Asker: 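Sharing a structure with you now.
Not measured: the values here are computed from a predicted model. Here is how names work: the chains are called A, B, and so on, in the same order as the sequence lines, proteins then strands, and each is numbered from 1.
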There are 2 protein chains.
Amino acid sequence: MDRSKINPNIKDIAKIANVSVTTVSHAISGKRHVSEKTKEKIFKIIKENDYSPNVVARSLKKKESGIIGVITPVLNNEFYSEIIEGIEESLRLKGYMLVINISHFNITKEKEHFRKIDSLFIDGLILVGGFTEISYIDEINKRNIPVVLALREDPQNKYPIVSIDFKKSISNITDFLFKSGHENIGYAGWLREGKITDRKTLDGYIESVKKNGKKFNKSLLIAHTASEDDQGHNFYQFIDTYLKQNGNNRKLNFTALVCQNDYIAIDAINALKKNGFNVPNDISITGFGNIAKSRYHNPSLTTIAIPRKKIGRLSAEVFIKIINKNNISDSDLLLETEIIQRDSTRQL
Amino acid sequence: MDRSKINPNIKDIAKIANVSVTTVSHAISGKRHVSEKTKEKIFKIIKENDYSPNVVARSLKKKESGIIGVITPVLNNEFYSEIIEGIEESLRLKGYMLVINISHFNITKEKEHFRKIDSLFIDGLILVGGFTEISYIDEINKRNIPVVLALREDPQNKYPIVSIDFKKSISNITDFLFKSGHENIGYAGWLREGKITDRKTLDGYIESVKKNGKKFNKSLLIAHTASEDDQGHNFYQFIDTYLKQNGNNRKLNFTALVCQNDYIAIDAINALKKNGFNVPNDISITGFGNIAKSRYHNPSLTTIAIPRKKIGRLSAEVFIKIINKNNISDSDLLLETEIIQRDSTRQL
DNA sequence: CTGAAAGCGCTAACAA
DNA sequence: TTGTTAGCGCTTTCAG
């Protein structure tokens, strides 16, 4: 038997140390007292033989794996990848490993992924970003492992959600525009059935409008109710049409436009430019997200930065808290955002 | 016993189907003949009971897990994340799962990660991007699982490397500049000890120079030999100094500069601008990598696009080939790159 | 074509 | 303070 070629197991260690496997197991786990002397001997032998416990066998026995499942819609996207980095950072320190799955915005795939990694005895599931429907989770989650949502909605409000305060963020940036002297401020965004954030962002705008002593005016709304594109691209056409209908003689009834996200904001800038408007001289534009492009676009975009890494870290911490049966208060889960001032807005 | 709360196992299925666990196992794996009738019955029951085999138990027995380890320096980076997406795409189709680890450019962490996931009985390891030293792998890889490198060097040339032809790519883009009428073309890049690609890219440049009937002129080289920054940032200072010393009266002895990567190219553009040069009117600049910023920079960068997703997919395929003991020819592993023409170069 | 049973490496209940 | 042993869920050898 060529033992040199294969990793030693707990039995080997026990034999060499002249103790039982139980003692070795407990020396490692610390779950029951082992005399200093024996412990020393065991650890020495462990080191000499380069032993590390077999994670798979341990998982099978304990029905715990030290692995956390992460499901993300895509990887090659600054939002998700940075959140995941945050998760990894915190969880690695606690000794967990990550199994990362990509759902490609497909709920069926997501479900399959969860099924599969569930049988790995993952100790928790963190869902990053994306969509709405997650009722399938309970159906699969027979072992009742903790589930945490990172920057993801849950209409049923069943799982802890680590996110940002969408309403407040939009409210803040609208306030910022009012403070800059704008009197009439419009809003452009999706208003899709069932999308909670769509409603929240609009509410943030409305809140600020009222707070600043104005009346909410529906004609200042460029709200797209179609529910096609989850990522929020392709608002360009929609705004272009709006401008053609409402922007006669290069006049609009607002001097600033709050956009629900950076994609919409960039589309808005481009559509405005094409229709002869100047940003920010004629119209100030704000975005939401602080995507990479927002910095390099011309003009660069005033927007709201989302603390992505922090969201990841916090998600991990929430998970740990659940594991340790510490209770979490909802108020801890909403992170502050920050306004990034660039060139798409101006003081009036 | 409340079986409704827990996942059924193979024994449960066997009992309900009135067959042995062996038969269930073989029905699933197809490794030995099971009568159509029995198979049908078994699969029906599997479906009804929502059974899926326990991956952990299977791994323990088979010393295979259906899991592939991926180690990447960072996640939030278009290069790595897109390669990983490619890997995931191909491997998911083959039924593999991915455990993704982040090494933060730290070899010790990388080693630890490998150790840990090795005990998960991962079936293979794909190392994405980054650094040089990988001799530690054999030391850990007692089970001798296949190792594939994606866009990563290996001085020992021990493992299959899926990458691009750096030399040819740089040679091509230098050719492109010659064809555009440039007679004197410079080169800016790192030349760090032990970095194979540094040498390869420079060789590509030299190859093109000679091919185009010129003599290699050392004074056209802006080569940084320090070995600080692995990512290739902060060339700005270096080039700035060079320009101050060699660019009197806004005259340089070249009209085009081939840069080893996009970061250097962007630094070069900025340094040139600051020193009173116009890009591309005075000097044409090319990069390598086609990073997001290269498109939005002013002027936008003519550069070489790397087929990142393809690299990922191919890495996965190579892994599968190794598993299936198909031999791989080295020539299959080098992917073509593509020149992306933008505004930082001009025809003379 | 099918089954019984050993055993993968570990943990923990029970026993001393 | 330590040891014996059952068993986690599965695959596979050996035996029909």
Asker: Could you pull out the closest heavy-atom pair between B/Asn9 and B/Tyr51, with the gap in Å?
Answerer: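 Distance-wise, the nearest heavy atoms are C-CE1, 3.6 Å.
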Asker: So, B/Ser25 versus B/Thr22: side-chain donor-acceptor pair below 3.5 Å or not?
Answerer: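 Distance-only check fails for B/Ser25 and B/Thr22.
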Asker: If I take atom CG in residue A/Leu60 and atom P in nucleotide C/dA12, what distance separates them, rounded to the nearest angstrom?
Answerer: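 Between P of C/dA12 and CG of A/Leu60: 13 Å.
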Asker: To the nearest 0.5 Å, what is the distance between CD1 on B/Ile322 and OH on B/Tyr159?
Answerer: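 The distance works out to 11.0 Å.
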Asker: Which atom pair, heavy atoms only, marks the closest approach of B/Val318 to B/Leu333?
Answerer: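 Heavy atoms only, the tightest pair is CG2-CD2, 3.4 Å.
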Asker: Might you list the N or O atoms of the protein lying below 3.5 Å from N or O atoms in nucleotides 14-16 of chain C, with each pair's distance?
Answerer:
none

Asker: In whole angstrom, give the distance that lies between atom CD of A/Glu64 and atom P of D/dC8.
Answerer: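 Nearest whole value for this atom pair: 17 Å.
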Asker: How many whole angstroms separate atom CG of A/Asp12 from atom P of C/dC8?
Answerer: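 Rounding to the nearest Å, CG of A/Asp12 and P of C/dC8 are 11 Å apart.
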Asker: Considering residues, nucleotides and ligands other than B/Lys310, do more than 12 of their heavy atoms fall under 6.0 Å from its NZ?
Answerer: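 Not more than 12 within 6.0 Å, no.
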Asker: Within this structure, what is the NZ-to-P distance between B/Lys11 and C/dA5, rounded to whole angstrom?
Answerer: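 Atom-to-atom, B/Lys11 to C/dA5, this comes out as 12 Å.
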Asker: Under a 3.5 Å threshold, yes or no: a donor from one side chain and an acceptor from the other, between A/Glu153 and A/Thr197?
Answerer: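 There is such a pair between these side chains.
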Asker: Would the distance check show the side chain of A/Asn49 and the main-chain N or O of A/Ile45 forming a donor-acceptor pair, the cut-off being under 3.5 Å?
Answerer: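 Yes.
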Asker: For a quick test of reading the model: is some side-chain N or O of B/Arg58 closer than 4.0 Å to OP1 or OP2 of D/dG9?
Answerer: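 No, B/Arg58 has no side-chain N/O under 4.0 Å of OP1/OP2 on D/dG9.
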Asker: OP1 or OP2 of C/dG9 sitting under 4.0 Å from any side-chain N/O of B/Lys61?
Answerer: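 No, outside the criterion.
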Asker: Might you confirm whether atom NZ of B/Lys39 has over 12 heavy atoms from other residues, nucleotides or ligands at distances under 6.0 Å?
Answerer: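 Yes, NZ of B/Lys39 has more than 12 neighbouring heavy atoms, counting only those of other groups under 6.0 Å.
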Asker: Would you find a donor on one side and an acceptor on the other, under 3.5 Å apart, between the side chain of A/Thr23 and the backbone of A/Val19?
Answerer: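 Between the backbone of A/Val19 and the side chain of A/Thr23 there is no qualifying donor-acceptor contact (under 3.5 Å).
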Asker: Tell me yes or no: between the side chains of A/Glu110 and A/Tyr136, is some donor less than 3.5 Å from an acceptor?
Answerer: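 Yes, because at least one side-chain N or O of A/Glu110 sits under 3.5 Å from a partner of the opposite role on A/Tyr136.
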Asker: If you take any heavy atom closer than 4.0 Å to DNA chain D, which residues from residues 36-43 of chain B end up in contact?
Answerer: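 The answer is none.
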Asker: Rounded to the nearest 0.5 Å, how far does CD of A/Glu78 lie from CD1 of A/Ile306?
Answerer: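 With rounding to 0.5 Å, CD1 (A/Ile306) is 10.0 Å from CD (A/Glu78).
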Asker: In this structure, how many angstroms lie between the P atom of C/dC10 and the NZ atom of A/Lys62, rounded?
Answerer: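 Distance check: A/Lys62 NZ to C/dC10 P gives 13 Å.
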Asker: To the nearest angstrom, how far is B/Lys15 atom NZ from D/dC10 atom P?
Answerer: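 Taking NZ of B/Lys15 and P of D/dC10, I get 13 Å after rounding.
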Asker: Please tabulate, one pair per line, all N/O donor-acceptor pairs under 3.5 Å involving side-chain atoms of residues 113-131 of chain B, not counting sequence neighbours.
Answerer:
from     : atom 1 : to       : atom 2 : distance (Å)
B/His113 : ND1    : B/Asn101 : OD1    : 3.1
B/His113 : NE2    : B/Ile102 : O      : 2.9
B/Arg115 : NH2    : A/Asp50  : OD1    : 2.4
B/Arg115 : NH2    : A/Asp50  : OD2    : 3.0
B/Lys116 : NZ     : A/Gly95  : O      : 2.5
B/Asp118 : OD1    : B/Arg143 : NE     : 3.4
B/Asp118 : OD1    : B/Arg143 : NH2    : 2.9
B/Ser119 : OG     : B/Lys116 : O      : 3.0
B/Asp123 : OD1    : B/Ser65  : N      : 2.9
B/Asp123 : OD2    : B/Gly66  : N      : 2.8

Asker: Looking only at non-hydrogen atoms, find the nearest pair between B/Leu75 and A/Glu85 and report the distance.
Answerer: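 In this case the closest contact between B/Leu75 and A/Glu85 is N-OE2, 2.7 Å.
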Asker: Taking all heavy atoms of B/Ile87 and all of B/Ser315, pick out the closest pair and write down the distance.
Answerer: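 Distance-wise, the nearest heavy atoms are CG1-CB, 4.5 Å.
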Asker: Specify the angle, to 10°, made by the local axes at the two ends of the helix from C/dC1-D/dG16 to C/dA16-D/dT1 when five pairs are taken at each end.
Answerer: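 Computed from the C1' atoms at both ends, the axes differ by 40°.
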Asker: What integer distance in Å separates A/Phe121:CZ from D/dG9:P?
Answerer: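 Computing the A/Phe121:CZ to D/dG9:P distance gives 6 Å.
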Asker: Check the distance between C/dG7's P and B/Lys63's NZ and give it to me in whole angstrom.
Answerer: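 Atom NZ in B/Lys63 sits about 14 Å away from atom P in C/dG7.
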Asker: Please list, in numerical order, the residues of residues 21-31 of chain A that have a heavy atom closer than 4.0 Å to any atom of DNA chain D.
Answerer: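 Per residue number, the list reads A/Val21, A/Thr22, A/Thr23.
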Asker: Minimum heavy-atom separation for B/Val99 to A/Leu98, with atom names?
Answerer: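 The answer is CG1-O, 3.3 Å.
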Asker: For DNA chain D, determine which residues of residues 48-57 of chain B have any heavy atom closer than 4.0 angstrom to one of its atoms, and list them numerically.
Answerer: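 The answer is B/Tyr51, B/Pro53, B/Asn54, B/Ala57.
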